[in-house]
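Heads up: the structure comes next, in structure tokens.
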Amino acid sequence: MKIAVIGAGAIGGYVGVKLALAGEDVTFIVRGANLEAIRKNGAKLIMHDGSEHVASNVKATNNYDEAGHQDIIVLAMKAHQLEAIADDLPKLIGPETVIVTMQNGIPFWYFHKHGGKLAGTRVESVDPTGKITALIPADRVLGCVVYPASELIAPGVIKHIEGDRFPIGELDGSISERATRVSECFTNAGFKSPVLENIRSEMWLKLWGNLTFNPISALSHSTLQDICQFPLSRELAAAMMTEAQTVANKLGIEFRVTLDKRIAGAEKVGKHKTSMLQDVEAGRDPEIDALVGSVVELGRLTETPTPHIDTVYALVKLLAKTMEEESGQVKLQKVA
């Protein structure tokens with residue numbers, strides 16, 4: 001199948017290389033150093049066991065017209081980067097194109113085919129202008145939850161850390177022919193990609209930890225193990241998760257694991273820095289609204305108080321603002 005992977009970072013690179021190695025026609029849509037490296041050397045994947053694989057048959061471009069219509073489009077960038085590609089994305093969409101969204105948090109399409117009084121509501125925290133909803137057709141979307149961990153260690157070089165699960169699902173809960181087709185494609189590439197009847201429930205299960213541990217780690221510069229073993233931060237995490245669970249329950253979501261088990265699972269990961277902490281330490285724009293702001297918004301929509309989440313959200317947004325201002329000052333000093 002013709003598959004466009006937009007973004008060749010940690011997850012997009014991992015997915016694209018595996019699909020290409022399985023014989024699919026993969027095009028990475030990327031820019032800058034990644035684009036040049038993949039064009040010159042192919043895309044390289046170092047697996048967790050140390051084995052190295054190079055997909056030399058992949059194409060790389062920053063020209064959507066050149067890529068043309070695709071069978072599958074994998075959106076592998078962070079949620080706050082979607083608006084930047086929304087104008088060009090329709091150039092990749094043909095009559096049967098399926099779009100697989102691999103963003104963490106509450107997605108822009110969350111209330112599409114949701115049912116109930118909130119059906120069709122736009123999640124403003126992840127699509128503030130409405131541009132994403134207008135230009136990325138939700139009817140083409142398959143939801144996807146990303147469980148693997150990997151990192152981009154050099155342009156065109158991805159290191160896999162652990163995991164291979166990418167469950168997918170239709171937004172209306174059906175087991176469609178196209179979802180089955182995408183699942184088989186991913187499975188053939190070596191992933192575990194079951195078709196779920198309730199993809200939103202699976203998203204909430206991952207988000208339950210992300211909305212809690214990511215911002216706490218970014219604010220405290222602490223690992224998952226540190227947060228879970230320090231009584232005060234563990235108590236804060238539990239309070240935030242309890243609020244989020246109440247919001248999710250009002251939206252018809254039930255969690256298949258208990259709160260204590262979810263925290264214990266995070267603790268077992270050990271001295272791991274969350275992606276938000278990694279972004280803060282690297283001076284990158286942290287992913288806040290899809291993970292935390294969206295839950296605050298859904299709390300308002302369901303008339304659910306979320307005081308602990310609100311507080312942490314305010315603090316991490318202030319951190320991002322401070323980082324942006326300091327980065328601007330550094331740039332001005334360099335110009336001067």
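Remark: the Thr258 side chain and the Asp260 side chain contain no N/O donor-acceptor pair separated by less than 3.5 Å. Using modelled atom types and a 3.5 Å distance limit, the side chains of Ser174 and Asp172 yield a donor-acceptor pair. When only modelled atom types and interatomic distance are considered, His112 and Asp139 share a side-chain donor-acceptor pair under 3.5 Å.
Val17 and Ile29 end up in different hydrophobic clusters when Ile, Leu, Val, Met, Phe, Trp and Tyr side chains are linked at under 4.5 Å. In the hydrophobic clustering of this structure, Val100 does not group with Ile85; members are Ile, Leu, Val, Met, Phe, Trp, Tyr whose side-chain heavy atoms approach within less than 4.5 Å, directly or through other members.
Here side-chain hydrogen bond (donor to acceptor under 3.5 Å, both in side chains) pairs that include residues 287-297, with residues two or more places apart or in two chains, are Ser125-Glu297, Asp289-Tyr313, Asp289-Lys317.
In this structure, the separation between CZ on Phe213 and CG on Leu236 is 10.0 Å, given to the nearest 0.5 Å. Note that the CD1 atom of Ile263 and the NZ atom of Lys268 stand 13.0 Å from one another [nearest 0.5 Å]. In this structure, OG in Ser183 is found 12.0 Å from CZ in Phe191, a value given to the nearest 0.5 Å.
Trp109 pairs by the ring-ring contact (aromatic ring centres under 6.0 Å, His included) definition with nothing, not counting sequence neighbours. Listed by chain and residue number, Lys78, Arg284 satisfy the salt bridge (charged side-chain N to carboxylate O under 4.0 Å, His left out) test with Asp279 (two or more places apart in sequence, or in another chain).
Using modelled atom types, no side-chain atom of Glu151 and backbone atom of Lys159 make a donor-acceptor pair closer than 3.5 Å. Remark: side-chain polar atoms of Arg262 are not paired, donor with acceptor, to backbone N or O of Val257 under 3.5 angstrom. Side-chain atoms of Gln70 come within 3.5 Å of backbone atoms of Ala4 as a donor-acceptor pair (strictly under, hydrogens ignored). Judged purely by atom type and a 3.5 angstrom limit, Arg181 has no side-chain atom pairing as donor or acceptor with the backbone of Ser176. With hydrogens and angles ignored, the 3.5 Å screen pairs no side-chain donor or acceptor of Asp88 with any backbone N or O of Tyr64. Using a distance-only test at 3.5 Å, with no hydrogens or angles considered, no donor-acceptor pair links the side chain of Arg165 to the main chain of Lys192. Side chain of Gln103 to main chain of Met77: a donor-acceptor pair is present (N/O by atom type, distance under 3.5 Å, no hydrogens or angles).
Through side-chain heavy atoms spaced under 4.5 Å, either directly or across other Ile, Leu, Val, Met, Phe, Trp or Tyr residues, Phe230 is tied to Leu232. Through side-chain heavy atoms spaced under 4.5 Å, either directly or across other Ile, Leu, Val, Met, Phe, Trp or Tyr residues, Ile153 is tied to Ile46, Val157. Grouped with Val54 in a hydrophobic cluster is no other residue, since no side-chain heavy-atom contact under 4.5 Å to another Ile, Leu, Val, Met, Phe, Trp or Tyr is found.
In this structure the side chain of Glu170 never reaches within 4.5 angstrom of the side chain of Val195, judged on heavy atoms. Using a 4.5 Å heavy-atom threshold, the side chains of Cys185 and Ile72 count as touching. Residues Asp71 and Glu96 form no side-chain contact, since every pair of their non-hydrogen atoms from C-beta on lies 4.5 Å or further apart. Val182 has its side chain out of reach of Arg178: every pair of non-hydrogen atoms, C-beta onward, lies at least 4.5 Å apart. Between Ser150 and Ile11, the closest side-chain pair of non-hydrogen atoms falls below 4.5 Å. You'll find the side chain of Leu89 stays beyond 4.5 Å of the side chain of Leu135, heavy atoms only. Side chains of Tyr14 and Asp164 form a contact here, defined as non-hydrogen atoms less than 4.5 Å apart. Considering only heavy atoms from C-beta on, Asn249 comes within 4.5 Å of Glu254 through its side chain.
Ring planes of Phe166 and Phe186: perpendicular class, angle over 60° (limits at 30 and 60°). The aromatic rings of His114 and Phe111 lie perpendicular to each other, with more than 60° between the two planes, well past the 30° mark.
Among all heavy-atom pairs drawn from Asp226 and Ser233, the shortest one is O-OG, 4.0 Å.
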Full working for side chain to side chain contact (heavy atoms under 4.5 Å, CB included) between Leu171 and Arg200: CA-CA 8 Å; Leu171 310 193; Arg200 291 177 182 85; 4.0 Å; yes
Set out, in order, the CA-CA distance, both residues' side-chain angles and the distance that settles side chain to side chain contact (heavy atoms under 4.5 Å, CB included) for Val145 and Leu196, then state yes or no. CA-CA 10 Å; Val145 182; Leu196 304 183; 6.0 Å; no
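Under the side-chain contact (heavy atoms from CB on, under 4.5 Å) rule, Leu298 has a single partner from Leu251, Leu118, Thr121, which is Leu251.
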